[in-house]
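Positions are given from 1 along the sequence. Both ligands and their constituent atoms are indexed starting at 1 by order of listing.
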Amino acid sequence: MIISAPTDYREAARRRLPPFLFHYIDGGAYAERTLRRNVEDFADIALRQRVLGGVGEVDLTTRLFDETLNLPVVLAPVGLTGMYARRGEVQAARAAASRGVPFTLSTVSVCPISEVAPAIDRPMWFQLYVLRDRGFMKDALERAKAAGVRTLVFTVDMPVPGARYRDAHSGMSGPNAEIRRMIQAMTHPLWAWDVGLRGTPHDLGNVSAYRGRATGLADYIGWLADNFDPSISWKDLQWIRDFWDGPMIIKGILDPEDARDAVRFGADGVVVSNHGGRQLDGVLSSARALPAIAEAVKGELTILADSGIRNGLDVVRAIALGADAVMIGRAFVYALAAGGEAGVANLLDLFAREMRVAMTLTGAKRIADLGPSSLASERQL
Ligand code: FNR
């Protein structure tokens, strides 16, 4: 299949993956309205074309937490990434490092911290969920620290898992799930050979490292469901703030009040996110939530945004709306599933190319030049 746009990777991933995996990535919660709006609301934002400003060469680099990024994009934490390509976390991390951007390892990755961190020559970021098992959390933080992780992404929008109805239809869960997954794997031989056979162990690497025994895909949903903690509040996070001396980013902020609480708590950053429309369907899209949050806390901490970023133009839009940088989830997972490390590297190149064109035509030479003035004014829309 010919890949010319970043969004081409979705179809390529759909062809390659057994349906239960494709739909696990592609789907969202309930009727998937927020998922659709995430994408549409970014796409609908009109940029302001400015010409003959003598922009010249565009500089996409940016600084976040004492780190230089070649473009303002971070790979978001995505659970089970090692099921979409062989040792997928390692491949994605290598691609990110080769393009000078951070990779974030999920709590529920297939490859453990100890496999991914040494495979790259820049510090990866690590994402932790709030879980009942505080022993696990402490152990994971210690392992991350020992592996050279400095930036911690703390995800707070999953006190309970959202209902993802597609999973029951696709065979990810529901009746006869195991046999259905087996049949799907057999009918997708490229994936079955590359990941099913050669990509083992299909473990939750960080969880089994803690438990001292293998934990397979079947454990995944049960372990998560048992371990989420709906009673969590800001004061329960204090020990983590005290323990973690590097940058701590709170992921899953959608409201200015919560963003102000994050500042009071002492967070170094927030990710404006609705978890890619996978949690509470019907909440605001990130594109619509972002401006008010930026107005409330811009300059007091670093603002990242995700949920709905599909190409380089969306990155420019998010930064114009007030983000310092973005995270991408599905966009990189589709590319990873379709093309492994080279696919993700190519995706980042396509993002960079699109950003350069968009910045030239909006008259922005540097990332810092992007802002509300890069957008068409309300009355023109
Ligand atoms: C996620 N996301 C996620 N977030 C997190 O903090 N820890 C995790 O383990 C996961 N796992 C996960 C799996 C899959 C399949 C998806 C699609 C997403 C959310 C992710 O970090 C990010 O917030 C969204 O993916 C952003 O939305 P887009 O870019 O996918 O639209």
Pairing of [X] and [Y] as salt bridge, 4.0 angstrom limit:
X      : Y      : result
Arg166 : Glu32  : yes
Asp261 : Arg264 : yes
Arg122 : Glu67  : yes
Arg134 : Asp229 : yes
Arg33  : Asp281 : no

Task: Lys/Arg cation over aromatic Tyr129: Lys251, 6.0 Å, 45° cone - done: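 No - Lys251 does not lie over the ring of Tyr129 by the 6.0 Å and 45° rule.
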When you measure from the heavy atoms of [X] to every atom of ligand 1, does any distance fall below 4.0 Å?
X      : result
Arg310 : yes
Val108 : yes
Gly308 : yes
Ile25  : yes

Open item on the list: For ligand 1 and Tyr129, I'd like to know whether there is a polar contact (N/O to N/O, distance under 3.5 Å).
Closed with: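 Yes.
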Open item on the list: Please check whether Ile309 reaches ligand 1 - meaning an N/O of the residue sits under 3.5 Å from an N/O of the ligand, judged on distance alone.
Closed with: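 No, Ile309 has no N/O under 3.5 Å of an N/O on ligand 1.
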Open item on the list: Does only the side chain of Gln127 get under 4.0 Å from ligand 1, or the backbone, or both, or neither? Count heavy atoms.
Closed with: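 Just the side chain.
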TODO: Have a look at ligand 1 and work out which part of Arg278, if any, has a heavy atom under 4.0 Å from it: side chain, backbone, both or neither.
DONE: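 Answer for Arg278: side chain.
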Enumerate the atoms of ligand 1 whose separation from the nearest heavy atom of [X] is less than 4.0 angstrom.
X      : result
Ser273 : 23 (O)
Thr155 : 5 (C), 6 (O)
Ser106 : 8 (C), 9 (O)
Gly329 : 25 (O), 29 (O), 30 (O)
Gly79  : 8 (C), 9 (O), 10 (C), 11 (N), 12 (C), 13 (C)

TODO: From the options Met83, His23, His275, select the one whose nearest heavy atom is closest to atom 19 (C) of ligand 1.
DONE: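 The nearest heavy atom belongs to His275.
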Task: Reported CG-to-CG distance for the pair Asp314 and Asp41, which is rounded to 0.5 angstrom - done: 11.0 Å
TODO: Would you check if there is a donor-acceptor pair between the side chains of Arg310 and Thr7 at a distance under 3.5 Å?
DONE: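 No, no side-chain donor-acceptor contact under 3.5 Å.
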- [ ] Would you indicate whether the side-chain heavy atoms of Met359 and Leu60 approach each other to under 4.5 Å?
- [x]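 Yes. Closest side-chain heavy atoms under 4.5 Å.
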